[in-house]
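Beneath this line is the structure, given in structure tokens, with notes to follow.
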Amino acid sequence: MALVPYEETAGMGLQKFHKPLATFSFANRTIQIRQDWRQLGVAAVVWDAAVVLSTYLEMGAVELRGCRAVELGAGTGLVGIVAALLGAHVTITDRKVALEFLKSNVQANLPPHIQPKAVVKELTWGQDLGSYSPGEFDLILGADIIYLEETFTDLLQTLEHLCSDRSVILLACRIRYERDNNFLATLERQFTVSKVHYDPAKDVHIYKAQKRHQREDL
């Protein structure tokens, strides 16, 4: 969500973010994601959580064919692109300033017959909810969107609005700070939350959340 251009650092871990293209293989296709760290910062690079969540979707963890899905804070759009390639109808969202960049990646990586299944749309958490019907989506996806404490209240409000009683939320994240755990604790007040996957190599967790009054076996 935060479109903050980061300062240059000598850290080896950041070198991959400065590459103009990041290449992946999902859904039997080569996906090339354009990155633009200098202009859009964290919104315009592929984070490990997006790769892990895309892998989890490809494993068939949820039924995507015909599914109405939304990706929050999509950034480069990798997760939404993979979901569309796997059969979902996806609304891929981010703040207005990131939309043209996001749209370029989506259009570059989806074949013409799949492009109608992927819509790029503005969504600033807590602000643009009137543009979305309550409970509109079957599946809500978020990769590395739990990191700015000042956005947590708006994010929770957005999740609550987008979810129906049958919706599933999948959040992929690296637990970096105590505030990340605090967010998950807050999420558990409104949703049933369980950890469904962990990638030890990338240190990324995937949490599944559903509205609390829903039966556990749905």
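Since the structure is predicted, the reported quantities are computational estimates derived from the model, not experimental observations. Basis for what follows: all heavy atoms, side chains included, without hydrogens, waters or symmetry-related copies.
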Within this structure, what is the [atom1]-[atom2] distance for the pair [X] and [Y], rounded to the nearest 0.5 Å?
| X | Y | atom1 | atom2 | value |
| --- | --- | --- | --- | --- |
| H161 | Y132 | NE2 | OH | 9.5 Å |
| K195 | L184 | NZ | CG | 10.0 Å |
| Q157 | Q127 | CD | CD | 9.5 Å |
| I206 | D199 | CD1 | CG | 8.5 Å |
| T153 | W125 | OG1 | CH2 | 12.0 Å |
| L162 | D138 | CG | CG | 12.0 Å |

Can you see which heavy atom on [X] is nearest to which on [Y], and at what distance?
| X | Y | result |
| --- | --- | --- |
| L123 | L129 | CD1-CD2, 4.1 Å |
| I81 | I92 | N-CD1, 4.1 Å |
| G75 | L102 | O-CD1, 3.3 Å |
| Y147 | F152 | N-CE2, 3.8 Å |
| V168 | Q210 | CG2-NE2, 3.6 Å |
| A143 | V79 | CB-CG2, 4.1 Å |

task = Kindly state each residue pair satisfying ring-ring contact (aromatic ring centres under 6.0 Å, His included) with at least one member in residues 52-84, sequence neighbours excluded.
result = Y56-H197
query = Can a salt bridge be assigned to the pair E160 and K211 using a cut-off of 4.0 Å between side-chain N and carboxylate O?
reply = yes
ask   = Below 4.0 angstrom, N of the basic side chain to O of the carboxylate: do D128 and K96 qualify?
value = no
task = Would you please name every residue forming a salt bridge (charged side-chain N to carboxylate O under 4.0 Å, His left out) with R174, sequence neighbours left out?
result = D48
Measuring only between side-chain heavy atoms, which start at C-beta, is [X] closer than 4.5 Å to [Y]?
| X | Y | value |
| --- | --- | --- |
| L170 | L57 | yes |
| P111 | R29 | yes |
| L72 | L141 | no |
| T124 | T93 | no |
| L139 | V90 | no |
| T23 | I31 | no |
| Y207 | V196 | no |
| L171 | V193 | no |

query = Step by step, would you call T76 with R34 a side-chain hydrogen bond (donor to acceptor under 3.5 Å, both in side chains)?
reply = CA-CA 7 Å; T76 64; R34 189 164 64 90; over 6 Å; no
Would you say the side-chain atoms of [X] pair up with the backbone N or O of [Y], donor to acceptor, closer than 3.5 Å?
| X | Y | answer |
| --- | --- | --- |
| N109 | Q32 | yes |
| Q35 | A22 | no |
| S167 | F137 | yes |
| N181 | E178 | no |
| T158 | G126 | yes |
| E71 | G80 | yes |
| Q115 | Q107 | yes |

ask   = Do R212 and D165 pass the salt bridge (charged side-chain N to carboxylate O under 4.0 Å, His left out) test, and can you show the C-alpha distance, the side-chain angles, and the key distance before you say yes or no?
value = CA-CA 9 Å; R212 269 204 167 277; D165 289 347; over 6 Å; no
request  = Tell me, please, whether F101 has K103 positioned over its six-membered ring: NZ or CZ under 6.0 Å from the ring centre and within 45 degrees of its axis?
outcome  = no
task = State whether F191 and K208 meet the cation-pi test: NZ (Lys) or CZ (Arg) under 6.0 Å from the six-membered ring centroid, and within 45° of the perpendicular axis.
result = no
task = Check the pair N182, Y177 against side-chain hydrogen bond (donor to acceptor under 3.5 Å, both in side chains), reporting the backbone distance first and the verdict last.
result = CA-CA 9 Å; N182 291 341; Y177 307 104; over 6 Å; no
ask   = For the hydrophobic clusters of this structure (ILVMFWY residues joined by side-chain heavy atoms under 4.5 Å, transitively), does one cluster hold both I146 and L156?
value = yes
key: Joint cluster assignment, I175 & I145, ILVMFWY side-chain distance < 4.5 Å   = yes
